[in-house]
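Below: one structure, written as structure tokens.
Positions are given from 1 along the sequence. None of these values were measured; they are calculated from a predicted model.
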Amino acid sequence: MALLIIPMTCFGSTLATSQPCQTPDDFVAATSPGHIMIGGLFAIHEKMLSSEDYPRRPEIQKCVGFEISIFLQALAMIHSIEMINNSPLLSGVTLGYEIYDTCTEATVAMAAALRFLSKLSCSRETMEFMCDHSSYMPRVKAVIGAGYSEITMAVSRMLNLQLMPQVSYESTAEILSDKIRFPSFLRTVPSDFYQTKAMAHLIQKSGWNWIGIIATDDDYGRLALNTFAVQITANNVCIAFKEVLPAFLSDNTIEIRINETLEKIIAEAQVNVIVVFLRQFHVFNLFSKAIERNINKIWIASDNWSTATKITTIPNIKRIGKVVGFTFTRGNMSSFHSFLQNLHIFPSENNKLLHEYAMLLSACAYVKDSDLSQCISNHSQGTLAYKANEDIERNFSLRNDFLWDYTEPGLVHSIQLAVLALGYAIRDLCQARDCQNPNAFQPWEQIQSKCSKECSPGQMKKTTRSQHICCYECVNCPENHYSNQTDMDHCLLCNNETHWAPVRSTRCFEKEVEYLNWNDSLAILLLALSLLGILFVLAIGIIFTRNLNTPVVKSSGGLLVCYVILLCHFLNFASTGFFIGEPQDFTCKTRQTLFGVSFTLCISCILMKSLKILLAFNFDPKLQNFLKCLYKPILIIFTCTGIQVVICTIWLIFAAPAVEENISLPRVIILECEEGSVLAFGTMLGYIAILAFICFIFAFKGRKLPEHYNEAKFITFGMLIYFIAWITFIPVYATTFGKYLPAVEIIVILISNYGILCCTFFPKCYVILCKQETNTKSAFLKMIYSYSSHAASSLAISHVSLDSTNSSITMTDPSSGGRSAAWQEGKDLQAQAFAHICRENATRVSKILPRKRISSI
């Protein structure tokens, strides 16, 4: 194993009467002993003071520009550690801290990181370089900070060598979420991805489409600017200008760049909204100069400065315009407020920050609160000859509320969470170890220690009642949601129109497109029944063609009428094929139209036959005259069918059926035909039902006509089957959902078609094939004569009975002789009526039978 010893030394130089650090301990800003040491990085000062344009010696210079808000952040870390030490969380194990001032310089922060990584219990400040640091024991176990993303990245790359946990309370750069480059980095604030997304949403909802952007020239500013630019461009918002300022105050060009930026803002007069990704000291200088130039805009603030008291206390700040900002979640601040109230009694021997603040406070003792922050910052840039004395405690007491006014609750809460997260990790590690021994565990082991178990992909974090965001429970993603990373705060929603996801899914699955397919078992069965029906139609056509001149065929209306009806049945059976397979616009329009027109034509032909049968065998003169006027076969068929053609044509023109994707089901997309107009669909079916009902009435009236040649009772039964099928269809069709919906209509079409086909043609085929002795001309004439004689006899008896009743009513002497006369008179009348009817019917039969083609009875 290679071993390299690097001695850590600090070089000194004199600046005015102040001295840079002479030893590593001089470099520490605040420290407190403990069994387990925690490091802290805070930019307490704005910049590093230097008398030269660039460094000429590798030494750490004096820092100037004391920042009250960052000083409060360091106090928040100290307070959080004190709270853990005074709680039973670690039971006898105390946390210590070493806090360093980064002076807003990455170089200074890296020097502090070297101190963190130096070997524990070594007489010299040394850091060992090893190929495997798994057993290496550094001074501290974890680091809180830094605040700025640029500094955090530099420090993180060094801490990665030992996988030392680094928990940031403010660094929001999105790149820090990359666990490949920053495996030991953690944070208690969301990344800039969510902040920029919220800003873009705000701008879009506000209707702004012409904006400017100002950012710092560092990793934080550039990444935030690029991410925001992508998101805002996607919302059709245009960026008028992008201005970039130097990241550090030590840069001599910062004043020039601020002035140039203000000139750009003035030049772009149409830009009223400016998004600002800057640090507090940038915004302070920018706004101070903007107020002088009377620039009034809408400023969208990033979380870096949105709640900074330093900004809100700028003189005449209201003249700058409106500021809309985003900030972090706040927590309970009561204990920290009490800590600040009693800060004057807090020991300051090992706390240079507190000591410097006390000196600055005394130097500015006669300055009012509104100017105190600027006074402190200005004094810290010079040499403080003032020494703390007994007035310090009095100054603290008089300025109690000053620190509280400068407190940023969101950042304080984030620091508290960072410390508590480490506290819970150490607690878990110390349950089976003696953590009073500093060698109890290595820093990298804390990364494996968590308050809650890691939520796997397919799960999300659900915060418990605890105030700590590190303590949560894992819950499964619900249906149609997924998570593809560990420890996701929320599950992502799938696109419900095209994708779905089961419970605890790690990805979305594309929805399957379903329809009544040709290879579906139900579709095959229905197709088989349709083909069987077509075979029946062809067989009946052959039978009727071969028996063309028989009475049964002629009584069915002749071969032409039979062919028309059989063709309609063929088309009805064929139309079922358009209900199966992937729906297309053509099939959607064809299937209902083909069925509607062909079925109407079929019912119209049967209606004509029913009317003809009733006309042939009805002997009521009044009804017969009415039926003769009504009976126009070709006109009836064309009129009835033409009305249906008009209905379907109007339907196709104004609300044609079309293919529709039904996405209401969670896992599949149902490809179906949307009928276009429920009214048109109902009208088409309702019209067929009206024709069928009229046909049913006519057929019912002729149900007792000659048995072997009369279709009326079979037509009646066929119409009943049709009514039962379609009455059942309505509720079933309305409640059926999914790919089998077309199958419901196919079944109803088959039932009604089979019912009418069987009732219309099967009895006749039975007579033709099995009872040929009744399918002769002589048998036919004999049956007609028998029926006519029976009908004439019944009619004569009815007349005699009626006349007898009338005679009985008019008789006044009911003697036996009178009864004999009445009976004789009735008998004579009956004989006369019977002879008259027989002659009349014989004449009719003699006129009918000699015809060459007996088309119907």
Is there a donor-acceptor pair closer than 3.5 Å between any side-chain N or O of [X] and the backbone N or O of [Y]?
X	Y	value
N351	A30	no
K289	E255	no
H282	P246	yes
D101	A29	no
S306	F326	yes
S171	A146	yes
Y136	L117	yes
T102	L41	no
S156	M153	no
Q166	G145	yes

CE/M333: more than 12 non-hydrogen atoms of other groups inside 6.0 Å: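 Check passes, neighbour count above 12.
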Contacts of type side-chain hydrogen bond (donor to acceptor under 3.5 Å, both in side chains), residue [X], not counting sequence neighbours:
X	value
T172	D192
R181	D178
S149	none
S184	N160

Basic-acidic side-chain contact under 4.0 Å: [X], [Y]:
X	Y	result
K310	E46	yes
R222	D217	yes
R187	E170	no

Spacing of [X] atom [atom1] and [Y] atom [atom2] [to the nearest 0.5 Å]:
X	Y	atom1	atom2	value
S414	I144	OG	CD1	11.0 Å
T216	L278	OG1	CG	6.0 Å
L114	M158	CG	CE	3.5 Å
I317	T313	CD1	OG1	8.5 Å
I84	L420	CD1	CG	5.0 Å
C430	F441	SG	CZ	5.5 Å

Ring pair (Phe, Tyr, Trp, His ring centres under 6.0 Å) involving F42 - partner list, sequence neighbours excluded: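 For F42, the residues satisfying ring pair (Phe, Tyr, Trp, His ring centres under 6.0 Å) (neighbours in sequence not counted) are Y169.
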Set of ring pair (Phe, Tyr, Trp, His ring centres under 6.0 Å) partners for F287, sequence neighbours left out: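 Partners of F287 by the ring pair (Phe, Tyr, Trp, His ring centres under 6.0 Å) criterion, ordered by chain and then number, come out as W299, W305.
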Sequence neighbours left out, cut at 3.5 Å: what donor-acceptor pairs do the side chains of residues 71-82 make with other protein atoms?
| unit_1 | atom_1 | unit_2 | atom_2 | d |
| --- | --- | --- | --- | --- |
| H79 | NE2 | S335 | OG | 3.2 |
| S80 | OG | A76 | O | 2.9 |

Donor on one side chain, acceptor on other, Y148 and N304, under 3.5 Å: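 N304 and Y148 do not have a side-chain donor-acceptor pair below 3.5 Å.
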E105 side chain to H45 side chain, donor-acceptor N/O pair below 3.5 angstrom: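 Judged by distance alone, the side chains do not pair up.
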With sequence neighbours excluded, tell me which residues meet salt bridge (charged side-chain N to carboxylate O under 4.0 Å, His left out) with [X].
X	answer
E150	none
E98	R139
D434	none
R433	E445

Using side-chain heavy atoms (C-beta onward) and a distance below 4.5 Å, is [X] in contact with [Y]?
X	Y	value
T104	K47	no
L417	H413	yes
V140	Y97	no
I376	I68	yes
P138	Q162	yes
T188	V167	yes

Of all pairs that satisfy salt bridge (Lys or Arg N to Asp or Glu O under 4.0 Å), the ones with a partner from residues 328-346, not counting sequence neighbours: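 Counting only pairs at least two positions apart or across chains, no salt bridge (Lys or Arg N to Asp or Glu O under 4.0 Å) contact touches residues 328-346.
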Plane angle bin for Y406 and F402 - parallel if under 30°, tilted between 30 and 60°, otherwise perpendicular: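 F402 vs Y406 ring planes: tilted.
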Smallest separation among heavy atoms of F284 and I311, with atom names: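 Closest approach of F284 to I311: N-CD1, 3.7 Å.
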Test side chain to side chain donor-acceptor pair (under 3.5 Å) applied to Y220 and S302, step by step: CA-CA 11 Å; Y220 163 74; S302 64; 3.3 Å; yes
